[in-house]
Amino acid sequence: QVQLVESGGGLVQAGGSLRLSCAASGRTFSSYAMGWFRQAPGKERELVAAISWSGGTTYYADSVKGRFTISRDNAKNTVYLQMNSLKPEDTAVYYCAARTGLRFGVRSDEYDYWGQGTQVTVSS
């Protein structure tokens with residue numbers, strides 16, 4: 001069992017930056033691939049970025065490539081999402097998710113554990 005708690009969301013102007021953190025409970029954090037999803041009102045939940053258990057492999061949605069960076073610190077049981085050059089269309093609730101196994105998935109149904117979400121609002 002893994003419990004995930006996100007933090008770092010907030011209100012920021014377009015062009016600004018935020019860093020989201022997701023703290024995981026348990027001693028087997030390194031056994032999980034991790035992903036950051038987001039869901040805007042009226043839209044489906046989408047994968048933004050994902051990272052393998054070691055951090056050696058990452059994935060980014062086309063809409064955030066070059067602006068967002070996912071990383072993890074297995075010693076601290078934490079995964080991060082650095083978001084730069086934010087745009088109003090990045091406004092959404094951002095969720096951290098854990099997938100049992102070493103490789104990440106790209107669909108939400110491939111993830112086993114979810115955080116409660118953190119709101120990110122980008123004003124124009």
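Everything numeric here is computed off the predicted structure, so don't read it as measured data.
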Is it true that [X] and [Y] fall in one hydrophobic cluster, defined by side-chain heavy atoms closer than 4.5 Å?
{"X": "Phe104", "Y": "Val64", "answer": "no"}
{"X": "Val120", "Y": "Trp36", "answer": "yes"}
{"X": "Leu47", "Y": "Val93", "answer": "yes"}
{"X": "Tyr94", "Y": "Tyr60", "answer": "yes"}
{"X": "Val2", "Y": "Val79", "answer": "yes"}

From [atom1] ([X]) to [atom2] ([Y]), nearest 0.5 Å:
{"X": "Arg99", "Y": "Asp109", "atom1": "CZ", "atom2": "CG", "answer": "9.5 Å"}
{"X": "Gln82", "Y": "Ser71", "atom1": "CD", "atom2": "OG", "answer": "8.5 Å"}
{"X": "Tyr32", "Y": "Leu102", "atom1": "OH", "atom2": "CG", "answer": "11.5 Å"}
{"X": "Asn84", "Y": "Leu18", "atom1": "CG", "atom2": "CG", "answer": "9.5 Å"}
{"X": "Glu89", "Y": "Lys43", "atom1": "CD", "atom2": "NZ", "answer": "8.5 Å"}
{"X": "Arg38", "Y": "Glu44", "atom1": "CZ", "atom2": "CD", "answer": "14.0 Å"}

Using side-chain heavy atoms (C-beta onward) and a distance below 4.5 Å, is [X] in contact with [Y]?
{"X": "Ile70", "Y": "Phe68", "result": "no"}
{"X": "Trp114", "Y": "Arg45", "result": "yes"}
{"X": "Ser31", "Y": "Trp53", "result": "no"}
{"X": "Met83", "Y": "Leu81", "result": "yes"}
{"X": "Thr118", "Y": "Leu20", "result": "yes"}
{"X": "Arg103", "Y": "Ser52", "result": "no"}
{"X": "Leu4", "Y": "Tyr95", "result": "no"}
{"X": "Ser21", "Y": "Glu6", "result": "no"}

Mind listing the closest non-hydrogen atom pair of Pro88 and Ser124 along with its distance? CG-CB, 3.8 Å
For Ser17 and Ser85, the nearest pair of non-hydrogen atoms, with its separation, is OG-N, 4.3 Å
Starting from the C-alpha separation in whole Å, work towards a yes-or-no answer on side chain to side chain contact (heavy atoms under 4.5 Å, CB included) for Gln1 and Tyr113. CA-CA 8 Å; Gln1 192 83 8; Tyr113 304 101; 4.0 Å; yes
Angle class for the Tyr111/Phe37 ring planes (parallel below 30°, perpendicular above 60°, tilted otherwise)? perpendicular
CA sep, side-chain torsions, deciding dist, call: Thr121, Gln119, side-chain hydrogen bond (donor to acceptor under 3.5 Å, both in side chains): CA-CA 6 Å; Thr121 302; Gln119 177 71 47; 3.3 Å; yes
So does Lys76 get a backbone contact from the side chain of Thr78, meaning a donor-acceptor N/O pair under 3.5 Å? yes
Counting distance only, does the side-chain N/O of Thr58 pair as donor-acceptor with the main-chain N or O of Ile51 below 3.5 Å? no
Lys/Arg N to Asp/Glu carboxylate O, Lys87 vs Asp90, below 4.0 Å: no
Using the rule given for side-chain hydrogen bond (donor to acceptor under 3.5 Å, both in side chains), can you reason through Thr100 versus Asp112, listing the C-alpha separation, both sets of side-chain angles and the distance that settles it, and then say yes or no? CA-CA 7 Å; Thr100 305; Asp112 304 297; 2.8 Å; yes
Think Arg72 forms a cation-pi with Phe29, using NZ or CZ under 6.0 Å from the six-ring centre and within 45 degrees of its axis? yes
